[in-house]
Amino acid sequence: MKKLIALAALALMTQPALAEDAPEWSLAIHGGAGTLDPAQMTPEKRAAYEADLQRALDAGSKILADGGDAMDAIKAAIIIMEDSPLFNAGKGAVFTWEGTNELDASIMDGRDRSAGAIAGVKTVKNPILLADRVRTDSEHVFLMGAGAEAFAAEKGFAVTPPEYFATPARRESLERLKAEKLSALDVDHKFGTVGAVALDRKGNLAAGTSTGGMTGKRWGRIGDAPVIGAGTYADNRACAVSATGWGEYFLRVGVAHEICARLRATVEVKAAMAGDKAPDPFVRTEEVQYIADAVMEDVRQMGGDGGVILVTPAGQAIFSFNTTGMYRGRANSAGLNEVAIFGGEEKASATPDH
Ligand code: ASP
C-alpha cells in the first residue's frame with residue numbers, strides 16, 4: 001500500500017505543473033448533439049450553423065478576454081443561440097404534442113454553487129436570463145410553468161408572444177411525428193439544446209443550458225437541461241458541465257454532477273496521495289477526457305445518446321459525445337478558437353496537456 005502511495009506521488013511530481021501554460025480563460029459551447037448525416041449538411045447549412053456558433057463563441061470570449069465573469073460569458077453565448085432559430089432553445093424551440101413551445105433552462109455558478117432553473121415557460125424570450133434571476137433574486141432554485149412566469153413578470157421581464165418561438169421547420173417536425181407515428185428521435189435528428197461552460201481569469205467556473213426539450217413531449221415532460229446535476233453543473237473545485245441529449249437518460253445518470261464528482265474525487269485522491277509534495281492536484285487532459293467519456297459510455301449502455309461540454313479549473317475544454325456529431329466550439333486565452341460539427345474535426349493540438 002505504502003509503495004502504491006509513493007508511486008502515485010512520484011507520478012504526480014513528474015507531471016507538468018498546472019500554472020505555467022494553462023490558459024487564463026477558457027470557454028466551450030454546444031448547440032446540440034445528434035445523428036448528423038454529413039450528406040444532408042449542405043455547405044449553406046453548415047455555414048449558417050458555424051456562423052451562429054462563432055458569434056456565440058465570440059460574444060463569450062470577448063467578456064472573458066476583457067476580464068469579465070464566467071457567468072456573464074456563458075449568458076452572452078447562450079442568448080445568441082437562444083435567439084437563433086437554428087437551435088432548439090428560445091426561438092426555434094421544438095413543439096410539444098399540443099403544439100406549444102415550452103422552454104427549460106438552468107444555470108450554475110461554480111464559485112458558491114448557487115443555481116437557478118426554470119421549466120415549461122412559454123413567454124420569456126431568453127430563458128437563461130430568467131433562470132439566472134431565480135438564482136439571484138429568489139430563495140429557490142427551480143421554478144416551473146405559470147409560477148415561473150409570474151416571477152418573470154414581477155422581475156420586469158417582457159412578455160414575449162408565444163408565436164415568436166415557433167418556426168415552420170419545427171412545426172413540420174411535430175406534424176410529421178404525429179402523422180407517421182414517429183418518435184422525437186426520428187424527427188429531430190439531433191438534440192438542439194444549447195449550452196456554455198467557462199473559466200474566467202479569476203479562476204471561477206460557470207455552466208448554463210437552455211432548451212425546448214424534445215418534439216412531441218407531453219404531460220408537462222421535463223428533460224435534463226433544467227435539472228441541476230443532470231444537464232448543468234458547476235463547481236470551482238472540479239469543472240463546469242453542460243449536456244445535450246436524450247434527457248431521460250441524462251436524468252437517470254445525473255450526468256453533469258457525475259462528471260464533476262468523479263473529477264473532484266480524482267483531484268482529492270491525487271492531493272491526498274501526494275501529501276506535502278503535491279505541486280498541484282493536477283488532472284491531465286486525457287484523464288479529464290477519460291472521465292467524461294466514461295460517463296457518456298454509461299449513458300450509451302443504458303440506451304441514451306448525446307454529449308457534454310466541460311471546462312476545468314486548469315482551462316481544459318473537453319467535448320464528449322456518443323453521436324455522430326455535436327454542434328460545438330471552444331476558445332481560450334492561448335489563441336484557441338474553433339467551431340466544429342462532426343466528430344474529430346478539432347485540431348489535434350487543441351487540448352494540450354499543460
Ligand atoms: N436534453 C434535452 C431534453 O431532453 C434535449 C436536447 O438536448 O436537445 O430535453
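Computed from a predicted structure; not experimentally measured. When a ligand or atom number is given, it counts from 1 through the structure's own listing order. Just so you know, these numbers use all the heavy atoms, side chains as well, and skip hydrogens, waters and symmetry mates.
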message = I want to know if ligand 1 touches Trp246 in the polar sense, i.e. an N/O pair below 3.5 angstrom.
response = no
key: Under 3.5 Å donor-acceptor, Asn332 side chain and Leu336 backbone   = yes
query = Are Lys178 and Trp97 in a cation-pi contact, defined as NZ or CZ under 6.0 Å from the six-membered ring centre and within 45° of the axis?
reply = yes
request  = State the atoms of ligand 1, each with its element, that fall below the 4.0 Å cut-off from a heavy-atom position in Asp224.
outcome  = 1 (N), 2 (C), 3 (C), 4 (O)
query = If you measure from the Lys or Arg side-chain nitrogens to the Asp or Glu carboxylate oxygens, is any gap between Glu248 and Arg221 under 4.0 Å?
reply = yes
query = With only distance considered, is Gly245 within less than 3.5 Å of ligand 1 through an N or O on each side?
reply = yes
request  = State whether the side chain of Ser210 and the backbone N or O of Ile128 hold a donor-acceptor pair below 3.5 Å, judged by distance alone.
outcome  = no
ask   = Once you round to the nearest 0.5 Å, how far does CZ of Phe142 lie from CD1 of Ile118?
value = 8.5 Å
inquiry  = Using a 4.0 Å heavy-atom cut-off, which part of His30 comes near ligand 1: side chain, backbone, both, or neither?
reply    = neither
message = Show the atoms of ligand 1 that are less than 4.0 angstrom away from any heavy atom in Gly213.
response = 5 (C), 9 (O)
task = Determine, using heavy atoms of Gly192 and all atoms of ligand 1, whether some pair is separated by less than 4.0 Å.
result = yes
note = Within 4.0 Å of some non-hydrogen atom of Gly247, the atoms of ligand 1 are 4 (O)
ask   = Taking N or O atoms only and a 3.5 Å limit, does Thr244 qualify as a polar contact for ligand 1?
value = yes
task = Answer yes if the ring centres of Phe87 and Tyr49 are under 6.0 angstrom apart, and no otherwise.
result = yes
task = Examine ligand 1 and decide if any of its atoms is less than 4.0 Å from a heavy atom belonging to Arg221.
result = yes
ask   = How far does OG1 of Thr215 sit from CZ of Arg170, to the nearest 0.5 angstrom?
value = 6.5 Å
